[in-house]
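The next block holds one structure in the form of structure tokens; read it before the comments.
Numbered from 1 within each chain, the chains take letters A, B, ... in sequence-line order.
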Amino acid sequence: MKRGAPEPGASFLARGFFERDPLTCARELIGCELVWNGAGGRVVEVEAYAAKGDEASHTFVRPTARKFIAEHEAGAAYVYMNYGVHWLLNVLVKGGAVNGFVLFRALEPTRGLREMERRRLEGARSALGYSLHGLCSGPGKMAQALGVDGRDHGRDLCAGGGIGFLPPASPVAVERDIRIGISKAAHLKWRFLAKGSEFVSVRPRKKT
DNA sequence: ACACGGATACTA
DNA sequence: AGTATCCGTGTC
């Protein structure tokens, strides 16, 4: 892989990046820029899920999730609809000590702001626009802003084609906290955030 | 605080 | 077919 190669005009993360364990991938994805067909932003919040022994992971109760891991390469997009309302974007992590997923929860918008705002506004009942802070500050919001939906399920995020991850130009301060919105295995500090970012969904609880 | 809403995986 | 659950969001 190409980590630690600071050449200019950086290219997308290669598959090898995702062939490690979920916690490592989650931590190192913070600060990367997620590029999605002209839109995107700096990854400021993710969560790790383990394929085994993690009661909050889909693999714990969903055979299709386990099948997905078996049938896809590392770096594949795992997209599903939650609460019948929002699509959520994960990336498959596979080939390291532990398999699993990383859920993308928030971006600091950097590109395609107009497109993202348009997608966020369409279908919205309320009239007034969203601030930059509210654009991608949650997994459902982020997916909607990027235009992610079920058609992206299984897509290879390491194959280019306008989609991929640019590594951070400089080191990023990362803090971690417990995961959000789950009832099981809720004590694990498997949520990773860009330290002090104003663009996260929920700020980490004080005292890290 | 609560409604919204659909895919998945159970029970029969 | 019917029910329970679910890694949110916006409005009530």
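Distance CD (Glu55(A)) to P (dC7(C)): 12 Å, rounded to an integer number of Å. The distance between atom CG of Leu135(A) and atom P of dT9(C), rounded to the nearest whole Å, is 13 Å. Across the protein-nucleic acid pair, Gln144(A) atom CD and dG10(C) atom P stand 7 Å apart, rounded to whole Å. What separates NE2 of His133(A) from P of dG10(C) is a distance of 15 Å, to the nearest Å. The distance from atom NZ of Lys141(A) to atom P of dC4(B) is 20 Å, rounded to the nearest whole Å.
A stem is defined here as three or more consecutive Watson-Crick or G-U pairs, each with both distances under 3.5 Å; for DNA chain B these stems are B:2-4 with C:8-10, B:6-11 with C:1-6.
Residues of residues 80-101 of chain A that place a heavy atom closer than 4.0 Å to DNA chain C, in numerical order, are Tyr80(A), Asn82(A), Tyr83(A), Val85(A), His86(A), Leu88(A), Asn90(A).
Aromatic rings from Tyr49(A) and Tyr78(A) are positioned such that their centres are separated by 6.0 Å or more.
The same atom, C1', is picked in dC7(C) and in dA1(B); the two are 22 Å apart, to the nearest Å.
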Just the table, please: protein N/O against nucleotides 8-12 of chain B N/O, every pair under 3.5 Å.
from, atom 1, to, atom 2, distance (Å)
dA9(B), OP1, Pro63(A), N, 3.2
dA9(B), OP1, Thr64(A), N, 2.9
dA9(B), OP1, Thr64(A), OG1, 2.8

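An OP1 or OP2 oxygen of dT5(C) is reached within less than 4.0 angstrom by no side-chain nitrogen or oxygen of Lys184(A).
The shortest distance between side-chain heavy atoms of Arg118(A) and Arg114(A) does not fall below 4.5 Å. With contacts defined as side-chain heavy-atom distances shorter than 4.5 Å, the pair Phe101(A)/Ile69(A) qualifies.
Using a 4.5 Å cut-off between side-chain heavy atoms of Ile, Leu, Val, Met, Phe, Trp and Tyr, with links allowed through other members, Leu88(A) and Val93(A) fall into different hydrophobic clusters.
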